[in-house]
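To keep things clear, I will list the structure first and then write my remarks on it.
Note that this is a predicted model, so its numbers are computed, not measured.
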Number of protein chains: 2
Amino acid sequence: MAGNGASLEVGFDELAVLKVLALEGAHRGEVKISGGDLAADLDVSTQTVSRRLQALEGADCLDREQVADGQFVTLSEDGVGRLKAEYEDYRRIFEAKGTVTLDGQITTGMGEGRHYVTLPGYNVQFEEKLGYDPYPGTLNVTLSAASNRERSILGSLEGITITEWEDEERTYGGATCYPATVEADTGPTFEGAHVIVPHRTHHDTDELELIAPERVRDELGLLDGDEVSVHVESA
Amino acid sequence: MAGNGASLEVGFDELAVLKVLALEGAHRGEVKISGGDLAADLDVSTQTVSRRLQALEGADCLDREQVADGQFVTLSEDGVGRLKAEYEDYRRIFEAKGTVTLDGQITTGMGEGRHYVTLPGYNVQFEEKLGYDPYPGTLNVTLSAASNRERSILGSLEGITITEWEDEERTYGGATCYPATVEADTGPTFEGAHVIVPHRTHHDTDELELIAPERVRDELGLLDGDEVSVHVESA
DNA sequence: ATTACTAGTTTACGAGTAA
DNA sequence: TTTACTCGTAAACTAGTAA
């Protein structure tokens, strides 16, 4: 925490400046620009551009060499990295990427899965839409911190929708299924499972639930705590 | 200018919200989220999230349906369009796009090109890196307003770097070359030329300089004012 | 022409509160 | 729990000036 002068934070506004600079080629090498040009592109004042460039320089996102009528700017590795992270986000959004791999440990759920999977309103849909009658129980995986952060990528995949239904007593919420392959840390894999994501569930869980025609635990010889990789595909 | 309540402008901060929503799949259909989750993702307060969602809704970037414990959000065509525009920018930056076409009129430069092209420090590099000894002179094209705006895309193409050099008197700056094909308005084309962009040049010029093994003007029968399309490729 | 400082104003923020 | 108000404060903006 060196006592740097002012706001050296790189927010979305600063990122926009980086992007414009990269569009001019500053990620590839030295590019000459003037604050006025940037100001016009970004629709802000030249003073604001000046400040944002200082912030970016202070955050080691770019190097500058000022001359009489402008400045030469080169994006640093850090700067390009930030842009690349944004780019990766947009790719995840628009290029329905084929697969996502999530890592975690086998865990024992609270038995809810077993109950729900056997309910007729769901079971009929599983047979119809997934093509099999699931083993009465779910394989639960506690995701690693990194994978849990990636969990949201599932939303960008094509899923198989299980619609909500009701009986005389209550309503049962819908869910989305994604084809998945379970790979045990020790080598063997199980194909033909599905990740099932209930629509009405707390977002802040780090558990992934899967269903399959057979009991995956038995097929792969999995015990609680065993590491697995779940390869999720687009439907 | 309808007297809308407050700041309905969609800035980069609001765009960031759109992006997070899209990562959750909101560009594909209804997605359930809570302001708190978004606030955590974006590292801002829930109040700010609330305000930004209102701004995005006011700008017709998304539709919302609020329920007791959160809200269902769907990105509108407008909202997805804004994200797509961003994505296109990032693609231009990172996916060295194959070709760019710039249009303009043939013009007579100030003869500087002829002088520089023949200097030994450059000539040696041309032979080595481009594979030919250029005709002693440059083909100058005054770009149309639209093409001049696209000129910056060149920076995102892979180029061939001509390094700076010096003699006893002074230093000669570097440049970047891009393979190019010149297409005359009348039909004939010349392949095997190169756009040359000096590193130390004013950004605000609307002239494009090309070098080639032969005199392109003669090969294509070009006169000042003739319209040409320059197809620039990635090296 | 630039860039960047200081000063004054506006805008955006987050805490608290209500529904 | 939610979402969205009000309100006091803090941050960011633009205008003007200097280098």
Side-chain angles (χ1 to χ4, degrees), chain A residues 3-17 20-21 24 26 30-59 61-74 173 199-205, chain B residues 3-17 20-21 24 26 30-59 61-74 200-205:
Chain A
N4 292 14
S7 61
L8 293 175
E9 257 183 275
V10 178
F12 294 104
D13 291 333
E14 283 76 23
L15 215 107
V17 178
V20 170
L21 289 170
E24 301 285 335
E30 207 171 51
V31 158
K32 186 177 179 189
I33 49 101
S34 85
D37 296 343
L38 284 176
D41 274 359
L42 295 159
D43 201 37
V44 294
S45 67
T46 55
Q47 295 92 323
T48 296
V49 168
S50 175
R51 242 182 305 106
R52 291 194 183 154
L53 285 175
Q54 288 175 61
L56 287 167
E57 191 177 23
C61 286
L62 53 82
D63 295 314
R64 294 197 288 169
E65 185 193 339
Q66 294 183 31
V67 292
D69 61 339
Q71 49 194 298
F72 289 93
V73 178
T74 313
H199 294 162
R200 307 269 156 113
T201 284
H202 305 297
H203 250 216
D204 44 319
T205 180
Chain B
N4 293 16
S7 62
L8 293 175
E9 256 183 276
V10 178
F12 294 106
D13 291 333
E14 282 76 22
L15 214 107
V17 178
V20 171
L21 289 170
E24 299 286 334
E30 206 171 51
V31 159
K32 186 180 179 189
I33 49 104
S34 84
D37 295 342
L38 284 177
D41 274 358
L42 295 159
D43 200 38
V44 294
S45 68
T46 55
Q47 296 92 321
T48 296
V49 167
S50 175
R51 246 181 294 108
R52 290 195 184 153
L53 285 174
Q54 288 176 61
L56 287 167
E57 191 177 25
C61 286
L62 53 81
D63 295 315
R64 292 197 289 169
E65 184 193 341
Q66 294 183 31
V67 291
D69 62 338
Q71 48 195 299
F72 289 92
V73 179
T74 313
R200 307 269 155 116
T201 283
H202 305 295
H203 243 219
D204 44 319
T205 179

Item to check | Nearest-0.5 Å distance, CD1 of residue A:Ile33 to CG of residue A:Leu53 | outcome: 6.0 Å
Checklist entry - Going by heavy atoms closer than 4.0 Å, what residues in residues 63-71 of chain B are next to DNA chain C? => result none
Checklist outcome for this item: From the candidates D:dC13, C:dC5, C:dC13, the one with an atom nearest any side-chain atom of A:Gln54 is C:dC5
Checklist entry - In whole angstrom, what separates B:Leu53's CG from D:dC5's C1'? => result 15 Å
Next on the checklist: Under 4.0 Å, heavy atoms only, any strand: does B:Ser34 hit a base, just the sugar-phosphate, or nothing?
Outcome noted: sugar-phosphate
Checklist entry - Nearest-Å distance, CG (B:Leu56) to P (D:dA4)? => result 12 Å
Checklist entry - Distance check: side-chain N/O of B:Thr48 vs OP1/OP2 of C:dG14, anything under 4.0 Å? => result yes
I'd like a table of atom pairs between the protein and nucleotides 6-9 of chain D - only N or O on both sides, under 3.5 Å - with the distance next to each one.
none

Item to check | Integer-rounded Å distance: D:dT2 C1' and B:Phe72 CZ | outcome: 13 Å
Checklist entry - Who passes side chain to side chain contact (heavy atoms under 4.5 Å, CB included) against A:Asp63, sequence neighbours left out? => result none
Checklist outcome for this item: Rounded to the nearest 0.5 angstrom, the CD-CD distance for B:Glu57 and B:Glu14 is 13.5 Å
Item to check | Test item: B:Glu24 side-chain N/O and B:Leu21 main-chain N/O as donor-acceptor pair under 3.5 Å | outcome: no
Item to check | Nearest-Å distance for atom pair CZ/P, residues A:Phe12 and D:dA12 | outcome: 14 Å
Next on the checklist: For B:Glu30, give me all partners under salt bridge (Lys or Arg N to Asp or Glu O under 4.0 Å), at least two apart in sequence or on another chain.
Outcome noted: none
Item to check | CG on A:Leu38 to CG on A:Asp43, rounded to 0.5 Å | outcome: 13.0 Å
Checklist entry - NZ of B:Lys32 to CD of B:Glu65: how many Å apart, nearest 0.5 Å? => result 11.0 Å
Checklist entry - Over how many whole Å does the gap from A:Lys32 atom NZ to C:dA1 atom C1' extend? => result 11 Å
Item to check | Length of the line joining A:Arg52:CZ and D:dA11:P, which is rounded to integer Å | outcome: 16 Å
Next on the checklist: Rounded to whole Å, how long is the line connecting atom CG of A:Leu38 with atom P of D:dC13?
Outcome noted: 14 Å
Next on the checklist: Rounded at 0.5 Å granularity, tell me how far CG in A:Asp37 sits from CG in A:Leu42.
Outcome noted: 10.5 Å
Checklist outcome for this item: Between B:Val10 and B:Ala59 the two heavy atoms that sit nearest each other are CG2-CB, 3.5 Å
Checklist entry - Rounded to the nearest 0.5 Å, what separation is found between the CG atom of A:Leu62 and the CD atom of A:Gln54? => result 11.0 Å
Next on the checklist: Could you work out how much the helix from C:dT2-D:dA19 to C:dA19-D:dT2 bends, comparing the axis of its first five pairs with that of its last five, to 10°?
Outcome noted: 40°
Item to check | All side chain to side chain contact (heavy atoms under 4.5 Å, CB included) counterparts of B:Ser45, not counting sequence neighbours | outcome: B:Gln47, B:Thr48
Next on the checklist: In whole Å, I'd like the distance from the CG atom of B:Asp13 to the P atom of C:dA12.
Outcome noted: 10 Å
